[in-house]
Each structure stands twice: as structure tokens, then as C-alpha cells.
Enquirer: 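Submitted below is the structure of interest, expressed as C-alpha cells.
As the structure lists them, so they are numbered: ligands from 1, and atoms in each ligand from 1. Just so we're clear, the structure is a prediction, and the values are computed from it rather than from any experiment.
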Amino acid sequence: MTYVERVLENLKARNPGEKEFHQAATEILLTLEPVINAHPEYEKAALLERFTEPERTVLFRVPWVDDNGVVRVNKGYRVQFNSAIGPYKGGLRFHPSVNLSVIKFLGLEQILKNSLTGLPIGGGKGGSDFDPKGKSDREIMAFCQSFMTELYRHIGADTDVPAGDIGVGAREVGYLFGQYKRLRNEHVGVLTGRGLSYGGSLIRKEATGYGLVYMLDEAMKTRGDSLQGKTVIVSGSGNVAIYACEKAQQLGAKVVAMYDSNGYIYDPNGIDLSVVKQIKEVERARIKEYAERVPSATYTEGCKGIWTIPCDVALPCATQNEIDGESAKTLVANGVKYVGEGANMPSTLEAIEVFQKANGVVFLPAKAANAGGVATSALEMAQSSGRLYWSAEEVDAKLKTIMVNIYRNIDNAAKKYGFEGNYVMGANIAGFEKVADAMMAHGIV
Ligand code: NDP
Ligand code: 2IT
């Protein structure tokens, strides 16, 4: 057994039942073999054992009172995974499916993603099994205040800077920030994705979706191709999906389908994004409404069918494991040419294998393709520290440059080790090299 294989076996044995964490670790570790072989000193320093063990894991109780006066109790998490290259940085997810395994897979991914941005941010992730769906504004506020009443003692602008993820958007960040400020008496950049009136950055809201499409556009350009006239599927209809759709449309693509966790809409005329924004951002209603408002559209209950719609480009932007091996095969059979992951780990290991083996399919993995969100969070941190604001044009230009650079770096890293076009390897290796170097420099810590 190689060093990498031993670490993976041990990780599975020592973290039993954490299937999402095992999945992310498997994908990452197995691709690092060439780097590990080139650096025998890493094994002596137990670098991979340390890399896959969070520096700190905070688990806490989140009690709150609902609108009927009933006391509710949720679980709170913050995994401070790796601070070798900067303060812990990563989002908070509020969703009933959240557990330690989910937060650890997201945290592990975040380390390499944040490294790829080229900016000084370490990896962390947190959240709760709280379900924001159907809750009143007061309930959301009560929950966020209780969550922060424990979390505030573990975070800080130079220590750990959370942000949004599934179920955590501008509203939640606002309540979390308000409580942090009250408890610490400090108005600092301790959270990103803040509102524009209290320290947020222009373009942060759009950044993940826009960044995904900037990278896709670059990958297409280098192949003499473009989004003009392409048929695109964007899964999800939340923050990442909406702004991926917006940028793809601006670049001439036709987005024909989107979904939420209940079912998908198909609009052969191309999705009218203003209707989606009204339903999702303003009314917080279900995507089903779209088909009731737009005559050319149909709604189908259930999500999986979306991947049977023929498309040139698939942009999964909802959640982990939304594309399995079977859906991947269907996409390939229907002629998909580009898959860009907006969500974290949206493709199963089987699906990745299908895309990688298919002739001529370009697969842009999450930790590279969705790094625009956290990169712009780091730009928000820079603006907070400098007590200044950049214009939308400035931030957008920086985001675009960052995404193009990430694409070039993962492309080069794949080539360097003889795996041209394998961006899973390229992203893992390019992200890992910097973190490994910093960890070695710090000694055994
Ligand atoms: P949102 O909460 O804004 O939107 C999530 C969307 O995904 C909703 O449409 C939701 O539907 C759907 N969804 C969630 N779970 C499921 C499921 N099990 N099956 C089908 N659909 C589902 O989250 P974001 O847009 O912020 O995040 C989406 C993905 O992008 C996540 O994987 C996140 O980790 C990743 N990401 C987010 C970044 C950001 O900056 N926000 C940055 C990088 C990655 P419903 O409303 O029905 O639940
Ligand atoms: O998965 C992610 O990169 C995010 N949810 C964004 C994290 C951040 O700190 O902006």
C-alpha cells in the first residue's frame, strides 16, 4: 500500500460513517500521488495525516424559541480545518441534511479551493441542521442570534471569517453580523457576504455564479469555442444558480432548465431570469410557480429528470451528489461537452469517472470552478481591512482575472504531471502544493 492509500484507509477507519467526508478525501488524496512521490519528506512529517485532520472542531447547542412559543434545539458546527495559508475561511450552511460529515467534506474542499484563489485564506466550514424553509423572519433572527451567541467566541476578522452557503444568504448574514457586533462591540470584517450598507462588497452576491461562467468561458475560448447559442442546464435556483444563469445568458447561451429540491422547470424558449428572481429572491417561493407564470414552460416533480434534457453545457449549482453515474452517462449520451461544477461535490465519484473518460468532455471541478465566491469574499476582507470600497467594475475585473488564473494554473498543473486536460488532478495538485509548502515551513503543528 502506498502512503496515500494508507492515509485514506486510516481516515475511513478513524472517521466511521462519514460518507461525504470519505468521498471528498478519496477524490483528493488519490490524485495527489504524483506530488507525494516527488516529496518523500511529506511522509516523514505526517503531512497528509495532518492535512486531513481538522485543526479544531466546534460542536454546539443552538436553542431558540419558535413563533408558537415552543423551544427548539439544533446542532451548530464550525470546523476550523486548516490555517496554514491564512485565517479559516468558508461558509455556513443551514439545511436539515447538515451533519459533521457534510461540514468536514466541505471544509476539506475549502482548503484547496481557497489556496487556488491565490489569496491568503485558510479553510473552514460550519452550519446547522436548522431548516430555514417556512420559518418567519423573527424565527430566522432568533436562530441566527442564538447560533452567533456561541460562535462569536471562536471567530474573528483575523481568525475565522464565515460567510453564506446553502440556506444562508444576505438576510442570515445580516442577523449573524448584528449579533456578533453586539457581543464583541466591534464593527469588523468577521463575516463576508455582508450587505452593502455595512461593509459588504459589490459583486459578492453574483461572484460564485459569474466566476463559474468566467472559467467556463476561458476553457471554451482556449478550444476556439464560446457560449454563444449553447443550450445550458443550471440545476438549483439559489444564489449560485441564479447568477450562473445570468452570466451565461449575457454571454449568449440559452438556459433551458433549473430546479429546486421539489422539481424542475423546462423552458425551451430560454428561462426568463427576472421571473426566477422574483419567485426565489423576493417571494422565497417554489420554482413550480415559474411554469404557472410562463406559458412556454413545464414543471416536473422530482429533480433527477433534469439531466435527461439534451444540452451542450451542464452547470450543477445545487448540492452534493446531484449527478450520479447514471445521470452522467445520460448527459454524455445526449452530447454534453462541458460540465462546470457550481455546487460543492455535485458529481459522485462514478459521475466524475464517466465525464473524465468521455471523449471531448471538459470537466471543471468545484474547487476550481466555484472559487469565485470565496475569492470575492477575500476581496471583501481586503476592503474591510483597508476601510475602503471598490467599484463593481473593479471587483468584477479582479474576479475575472482570478478565475482565468485558476484555470491556467490547474491546466498547467495537470500538464506538469502528465495528465493534460484532467482538471480534477490539476485543481487538487495546484491547490495542495501551496498548503503543503506552508505546512512544512511551520514545522509539526
Ligand atoms: P442556496 O440556498 O441559495 O440555493 C440552493 C439551491 O439548491 C436551492 O435552489 C435549493 O432548493 C437547491 N437544493 C438544495 N438541496 C437540494 C437537494 N437536496 N436537491 C435538489 N436541490 C437542492 O445556496 P447556494 O446557491 O449558495 O449554494 C448552492 C451550492 O453552491 C452549494 O453546493 C454550495 O455549497 C455551493 N457554493 C456556494 C457558494 C456561495 O457563495 N453561496 C460558493 C461556492 C459554492 P430548495 O430551495 O428547494 O432547497
Ligand atoms: O463553498 C464556498 O466556497 C462558499 N460557500 C463561499 C465561502 C466564502 O467564505 O465566501
Enquirer: May I ask you to check whether Lys133 has an N/O atom sitting below 3.5 Å from an N/O atom of ligand 1?
Expert: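 Looking only at distances, the answer is yes, because the N/O contact criterion of under 3.5 Å is met.
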Enquirer: May I ask you to check if ligand 1 and Asn239 share an N or O to N or O distance below 3.5 Å?
Expert: yes
Enquirer: So, does Met258 sit close enough to ligand 1 that a heavy atom of it is under 4.0 Å from the ligand?
Expert: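 The answer is no, since Met258 has no heavy atom less than 4.0 Å from ligand 1.
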Enquirer: Does Arg93 come within less than 4.0 Å of ligand 1, judged by its heavy atoms?
Expert: yes
Enquirer: Examine Asn370 against ligand 1 and note whether any of their N/O atoms are separated by less than 3.5 Å.
Expert: no
Enquirer: Under 4.0 Å, heavy-atom basis, I'd like to know which part of Ile166 is in contact with ligand 1: side chain, backbone, both or neither.
Expert: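 For Ile166, backbone and side-chain atoms both sit under 4.0 Å from ligand 1.
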Enquirer: Would you indicate which of Ser237, Ser261, Ala369, Ala285 comes nearest to atom 22 (C) of ligand 1 when only heavy atoms are counted?
Expert: Ser261
Enquirer: Could you check whether Phe51 and Phe432 have their ring centres less than 6.0 Å apart?
Expert: yes
Enquirer: Where the closest heavy atom to atom 30 (O) of ligand 1 is concerned, which of Ser235, Ala163, Ala371, Ala343 has it?
Expert: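 Closest candidate by heavy-atom distance is Ala343.
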Enquirer: At under 4.0 Å between heavy atoms, is it the side chain or the backbone of Glu322 that contacts ligand 1, or both, or neither?
Expert: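 No part of Glu322 is near ligand 1 at this cut-off.
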Enquirer: Ligand 1 and Val240, any nitrogen or oxygen pair closer than 3.5 angstrom?
Expert: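 Right, the criterion is met.
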Enquirer: Can Ala371 be said to touch ligand 2, with heavy atoms closer than 4.0 Å?
Expert: no
Enquirer: Is Gln320 near ligand 1, meaning one of its heavy atoms is under 4.0 Å from it?
Expert: no
Enquirer: Which of these, Gly372, Ala318, Pro346, has its nearest heavy atom closest to atom 29 (C) of ligand 1?
Expert: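 Looking at heavy atoms only, Ala318 sits closest to atom 29 (C) of ligand 1.
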Enquirer: So between Gly90, Ser377, Ala375, whose heavy atom ends up nearest atom 10 (O) of ligand 2?
Expert: Ser377
Enquirer: What I want to know is whether Arg286 and ligand 1 share at least one N or O pair that is separated by under 3.5 angstrom.
Expert: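 The answer is yes, given that Arg286 and ligand 1 share an N or O pair closer than 3.5 Å.
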Enquirer: Under a 4.0 Å heavy-atom limit, does Gln110 contact ligand 2 with its side chain, its backbone, both, or neither?
Expert: side chain
Enquirer: Atom 10 (C) of ligand 1: protein heavy atom closer than 4.0 Å?
Expert: no
Enquirer: Tell me, please: is Glu109 in heavy-atom contact with ligand 2, that is, under 4.0 Å?
Expert: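 It does not; every heavy atom stays at 4.0 Å or beyond.
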Enquirer: Heavy atoms only, cut-off 4.0 Å: how does Cys317 contact ligand 1, side chain, backbone, both, or neither?
Expert: backbone
Enquirer: Which one holds for Arg284 and ligand 1: side chain close, backbone close, both close, or neither close, with close meaning a heavy atom under 4.0 Å?
Expert: neither
